[in-house]
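Counting starts at 1 for both ligands and their atoms, following the listed order. Just so you know, these numbers use all the heavy atoms, side chains as well, and skip hydrogens, waters and symmetry mates.
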Amino acid sequence: MPESPLGGAKILPVRKAVFPAAGLGTRFLPATKAQPKEMLPLVDKPIIQYGVEESLESGLDNLIIVTGRGKNSIEDHFDVSFELERMLAEKGKTDLLAVVREISDLMHIAYVRQKEALGLGHAVLTAREFIGPEPFAVLLADDVIDAQVPVLRQMLEVYEATGHSVIAVEKVPAESISSYGVVKVEAWKPHGFRGPAYRVLDLVEKPKAADAPSDLAVVGRYILTPAVFDFLETTQRGTGGEIQLTDALRALAHREPIYAYQFQGRRYDAGDKLGFLQATVELALKRADLGGAFRQYLKSLPL
Ligand code: UTP
């Protein structure tokens, strides 16, 4: 077990990542009436695959996906598709065969069902028996983050230095701060991390701009110690009638240190229609096989 360079205490490695994907996706209706928003394609990959790849590139290959009713296509996507693979093999389409195989080959996935969409905090609690007494990551797949170093990897560097929970944050303009959980922080800079890190003093879910304790909004990446489960067990329904992860983190912050980490990367809220369009355009422009032709096309539009 590695030793924490800051605290000196032994720290447990993070091995598992939880993907809460049982939300109803109401912001994306009607597309999400009969298909999960996590399966909407960004260029040619479903949204959730970007998060899964980030997790694998960060060294976490033990994944737990929290699903709900109507989410079977997520399981099918990460499963082996014998018919498709046989057809591609017979037709000699080896490139496509590799693409399809890669998805199911690289990781161990467990699925757990959240019977009712009672909120993000409840979804994380649903994964408790798969996590046990060890630290774990949480990725909200609709926050797609394009980064040179995967954001989870960046956050693991902070965890590995402290042994405590780490929440990803991003500076957000005042007019949109009320859509986020917001952290109250104090400066904390003992190490040369890739981005600024802070000690969390408190968290507020969706504050009015005037009440926001900072301009640092919580986005969908967390590394959490298992102590959070005890707080989730007792968290009552909060904002929107849901069991909020933010409320449990608030309680956790009063028991043990939590750090906020301002990551390096470009985030898209792919669960929102405008954010989804921005992600589609920018990710397509970056693609070696599509970017050139797509750029030409965009330039030809009478904007
Ligand atoms: P969102 O706040 O984006 O909610 O959830 P949502 O239901 O998915 O989408 P909208 O707002 O209605 O359009 C944040 C994350 O938490 C998961 C979602 O799947 C998403 O990844 N979640 C939310 C659950 O797994 N269960 C819940 O009960 C609520």
Item to complete: Looking only at non-hydrogen atoms, find the nearest pair between His164 and Pro257 and report the distance.
Response: CB-O, 3.4 Å
Worksheet item: Going by distance only, is there an N or O of Gly271 that falls short of 3.5 Å from an N or O of ligand 1?
Response: no
Discussion item. Just verifying a value: how many Å separate Gln236 CD and Asp247 CG, rounded to the nearest 0.5 Å?
Written reply: 10.0 Å
Worksheet item: Quick one: which ligand 1 atoms are inside 4.0 Å of a heavy atom on Asp142?
Response: 3 (O)
Discussion item. Can you report which non-hydrogen protein atom sits closest to atom 28 (O) of ligand 1, along with the distance?
Written reply: Gly119 N, 2.7 Å
Item to complete: Mark whether atom 5 (O) of ligand 1 lies under 4.0 angstrom from at least one protein heavy atom.
Response: no
Worksheet item: What atoms in ligand 1 come closer than 4.0 Å to a heavy atom of Ala117?
Response: 28 (O)
Practice prompt. Quickly, which of Glu157, Gln148, Gln262 forms a side chain to side chain donor-acceptor pair (under 3.5 Å) with Arg194? Name it, please.
Written response: Glu157
Worksheet item: Between Asp143 and Arg221, is the closest basic N to carboxylate O distance under 4.0 Å?
Response: no
Fill in: Shortest protein heavy-atom distance from atom 12 (O) of ligand 1, along with the residue and atom involved
Thr26 OG1, 2.5 Å
Worksheet item: With a 4.0 Å cut-off, would you call Arg266 and Asp146 a salt bridge?
Response: no
Discussion item. Using heavy-atom distances only, which candidate in Glu38, His122, Gln114, Arg27 approaches atom 26 (N) of ligand 1 most closely?
Written reply: Gln114
Discussion item. Strictly below 4.0 Å, N to O, side chains only: are Asp211 and Lys206 in salt-bridge contact?
Written reply: no
Worksheet item: Any protein heavy atom under 4.0 Å from atom 2 (O) of ligand 1?
Response: no
Item to complete: State whether Glu53 and Lys45 are salt-bridged, where the test is any N-O pair (Lys NZ or Arg NE/NH1/NH2 against Asp/Glu carboxylate O) under 4.0 Å.
Response: yes
Fill in: Nearest neighbour in protein (non-hydrogen) for atom 25 (O) of ligand 1
Ala22 N, 2.9 Å
Item to complete: Specify the protein heavy atom at minimum distance from atom 16 (O) of ligand 1: its residue, its atom name, and the distance to 0.1 Å.
Response: Leu120 CD1, 3.6 Å
Fill in: Heavy-atom closest contact (Ala174 atom, Ala209 atom, distance)
O-CB, 3.6 Å
Worksheet, complete the sentence: Numbered in order shown, the ligand 1 atoms found under 4.0 Å of a heavy atom of Leu118 are 28 (O)
Worksheet entry | Top protein contact for atom 22 (N) of ligand 1, by heavy-atom distance | Gly23 N, 3.6 Å
Worksheet item: Hey, is Arg237 close enough to Glu242 for a salt bridge, meaning N to O under 4.0 Å?
Response: no
Item to complete: Using a strict cut-off of less than 4.0 Å between a Lys/Arg side-chain nitrogen and an Asp/Glu carboxylate oxygen, indicate whether Glu233 and Arg128 qualify as a salt bridge.
Response: yes
Response to the item:
If we number the atoms of ligand 1 from 1 as shown, the ones under 4.0 Å from a heavy atom of Leu24 are 6 (P), 7 (O)
Worksheet, complete the sentence: The atoms of ligand 1 lying under 4.0 Å from a heavy atom of Lys37, numbered in the order shown, are 3 (O), 6 (P), 8 (O), 9 (O)
Worksheet item: Looking at Tyr259 versus Tyr198, is the centre-to-centre ring distance below 6.0 Å?
Response: no
Discussion item. Side chain or backbone, does Leu140 bring an N or O within less than 3.5 Å of an N or O on ligand 1?
Written reply: no
Worksheet item: What atoms in ligand 1 come closer than 4.0 Å to a heavy atom of Pro20?
Response: 17 (C), 18 (C), 19 (O), 20 (C), 21 (O), 25 (O)
Worksheet, complete the sentence: If we number the atoms of ligand 1 from 1 as shown, the ones under 4.0 Å from a heavy atom of Ala123 are 24 (C), 25 (O), 26 (N)
